[in-house]
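Predicted model only: the values in this text are computed from it and were never measured. In what follows, every chain begins at residue 1, and chains take the letters A, B, ... in the order their sequences are listed.
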Amino acid sequence: MRIFHSLALAVASVLALAGSARAADLRPQSKLLLTGGVSNVEGAGGGGLASWATTTGYGAAQGVGANLHATGAKLDDYELRSWGAAAGLFDRVEVSYARQAFDTGKTGALLGIGKGFTFHQDIWGAKAVLVGDAIYDQDRLLPQIAVGVQHKNNDRDGLVAALGARSDKGTDYYLAATELLLAQSLLINGTVRSTAANQFGLLGFGGPNGGRSTQVEGSVAWLASKRLAFGAEYRSKPDNLAFARENDAVDVFAAYALNKNLSVTAAYVDLGDIATFKNQRGLYLSLQAGF
Amino acid sequence: MKTALALGVLTVAVAAMTHRVAAQTPAPAPAWAVPGEEVVDPYAVSDANAGATPLADRAVFEAFHGKAGIDRIIDDLVDRSFTDPRTKDIFVAFDRVRIKRTLSEQVCHVLGGGCAYTGRDMAAAHKDMGLVGSDMNALVENLQLAMDREGVPFGAQNRLLAKLAPMKREMSTR
């Protein structure tokens with residue numbers, strides 16, 4: 001996919017940034033491998049579908065980290081692509097941007113919106129850690145807890161209105177709790193999200209069946225080694241539109257960190273029915289490069 | 001007579017000097033110290049200083065290849081940390097012989113290997129060092145490399161790290 005080519009070009013500039021961070025004594029790359037999670041579908045640090053309470057990148061409390069990601073998911077009748085950038089500051093704050101493209105491909109013609117019709121969405125995110133240390137607080141039950149916000153803006157205002165969405169813009173708020181059970185080599189995350197987004201916002205926000213609602217996300221990951229984690233995720237979604245049913249999403253994933261500059265996530269994802277097309281499943285591949 | 005007096009004065013002087021020298025000599029090294037170790041100010045020795053209770057599961061200690069395996073891991077960890085650019089300025093302040101012994105005792109104790117821990121507690125041992133989170137992470141990475149080299153399975157490594165992790169609060173300022 002073309003998106004991965006552009007990523008390769010961007011990697012060089014990110015590594016140059018890492019050099020500047022080192023020169024400024026911001027102690028880059030001082031976090032442990034994979035402990036910032038990977039770039040999720042909305043550009044936040046987390047798993048594939050869920051946003052976690054950890055901050056992205058490899059900057060510890062004295063440093064900054066940043067990364068770029070490119071993600072592609074080939075579903076049965078659609079293709080989802082995303083690229084974005086994110087930074088973690090002092091292990092406390094995360095800021096992120098992602099641009100998603102939802103390509104209807106041949107299905108676009110069947111839906112009457114034209115072959116290859118593509119929805120785009122910009123997602124601006126921020127996250128702040130409130131309490132806890134998922135890595136070091138191994139003797140405490142209290143997980144690491146963060147609050148986050150994601151402002152989403154869809155570029156197909158007219159069409160999402162025609163589909164019944166109340167808005168082409170929306171803001172998600174979430175509270176995430178992440179706990180690393182080191183003795184068991186397990187990571188557990190639970191997230192509660194307030195959202196009106198239809199299919200993550202790609203089909204607009206709200207609709208005849210409702211507006212904002214509370215949804216949940218859960219992730220479990222088993223750490224097989226320092227570099228490799230296997231996991232499964234669940235994410236509930238609203239069902240606001242009348243013309244098509246929306247289902248919850250699940251995935252199983254493997255994340256591999258080659259080093260602190262490059263990681264690959266491969267997943268099998270099931271997003272359920274999308275715009276009347278049933279059981280949208282497929283392979284999800286994401287590359288993340290940063291420091 | 002003069003000679004006897006001179007001898008007497010000399011004896012007294014020597015005795016006084018010897019006494020002063022004896023007063024200046026530090027207490028003899030405790031029984032657990034190994035040759036080449038610097039003597040430190042006295043402190044109350046207790047297994048509680050290890051900062052964690054021993055694991056009941058003996059399998060982890062065996063996965064570390066017992067005390068001999070732990071000795072090799074700590075040897076490697078400390079040598080790495082003395083040369084690692086991220087940690088060498090911290091470790092230069094330590095007595096290498098003593099820190100190897102006390103760390104090895106601590107890990108053996110925490111893994112339920114039955115060793116007594118004779119070192120200081122974590123707060124006292126790292127007082128005024130100004131350690132921060134990234135220093136801890138560098139140390140953990142070096143420990144992981146040393147455990148990898150010993151062939152300790154990842155799950156067993158994490159059992160130890162889970163015991164050591166909370167000590168960060170006593171060891172670092174941030």
Side-chain angles (χ1 to χ4, degrees), chain A residues 21-22 24-36 54-55 57-65 88-92 129 131-144 179-187 221-230 256-257 259-260 291, chain B residues 50-57 59-61 63-64 81 84-87 89-90 110-112 122 126 129-149 151-174:
Chain A
R22 194 182 301 280
D25 196 26
L26 284 171
R27 301 203 192 194
Q29 311 207 149
S30 52
K31 240 152 78 172
L32 299 168
L33 215 51
L34 278 178
T35 54
T54 51
T55 55
Y58 286 106
Q62 296 70 43
V64 296
L89 310 172
F90 312 109
D91 228 7
R92 278 280 144 198
V129 177
V131 68
D133 183 331
I135 316 289
Y136 281 97
D137 283 352
Q138 291 296 319
D139 55 342
R140 291 178 179 172
L141 283 173
L142 180 77
Q144 181 164 328
E179 178 91 316
L180 176 65
L181 303 172
L182 201 46
Q184 285 75 35
S185 300
L186 283 178
L187 181 140
W222 173 63
L223 314 174
S225 80
K226 278 183 286 191
R227 323 186 162 278
L228 181 63
F230 296 99
Y256 184 79
N259 50 43
K260 287 182 184 175
F291 61 93
Chain B
T53 53
L55 271 180
D57 182 1
V60 184
F61 181 67
F64 276 72
S81 301
D84 184 337
R86 299 172 301 175
T87 51
D89 293 341
I90 298 161
V110 165
L111 294 185
M122 292 303 98
H126 303 89
M129 294 184 70
L131 300 182
V132 294
S134 52
D135 301 324
M136 298 292 132
N137 290 343
L139 191 68
V140 170
E141 285 178 352
N142 287 345
L143 177 56
Q144 287 177 319
L145 289 171
M147 292 188 291
D148 285 347
R149 194 172 169 195
V152 178
F154 185 65
Q157 293 188 15
N158 288 342
R159 294 290 295 277
L160 174 62
L161 293 177
K163 282 282 188 182
L164 302 182
M167 297 177 192
K168 179 193 179 195
R169 290 195 291 268
E170 309 297 321
M171 293 165 68
S172 68
T173 50
R174 281 177 288 166

key: Residue Asp148(B) versus chain A: region with a heavy atom under 4.5 Å   = side chain

note = Tightest non-hydrogen contact, residues Ala162(B) and Gln138(A), listed as O-CB, 3.3 Å

query = Non-hydrogen atoms of chain A under 4.5 Å away: do they reach the side chain of Met136(B), the backbone, both or neither?
reply = both

request  = Please round to the nearest 0.5 Å and tell me the distance separating atom OG1 of Thr35(A) and atom CG of Asn137(B).
outcome  = 7.0 Å

note = Ranking Arg169(B), Arg159(B), Met167(B) by heavy-atom pairs under 4.5 Å to chain A gives rank one to Arg169(B)

key: Gap between atom CD of Gln29(A) and atom CD of Glu141(B) - 0.5 Å precision   = 9.5 Å

inquiry  = Test of understanding: with side chain to side chain donor-acceptor pair (under 3.5 Å), list the residues that count as partners of Thr54(A), not counting sequence neighbours.
reply    = none

request  = Give a yes or no on whether the backbone of Lys226(A) and the side-chain of Gln144(B) come within a donor-acceptor separation of less than 3.5 Å.
outcome  = no

note = Here the gap from Leu182(A) atom CG to Lys163(B) atom NZ, rounded to the nearest 0.5 Å, amounts to 12.5 Å

query = Where on Asp91(A) is there a heavy atom nearer than 4.5 Å to chain B: the side chain, the backbone, both, or neither?
reply = neither

ask   = Are any side-chain N or O atoms of Asn158(B) and backbone N or O atoms of Ser185(A), one a donor and one an acceptor, separated by less than 3.5 Å?
value = no

request  = Name the region of Leu181(A), side chain, backbone, both or neither, that has any atom closer than 4.5 Å to a heavy atom of chain B.
outcome  = neither

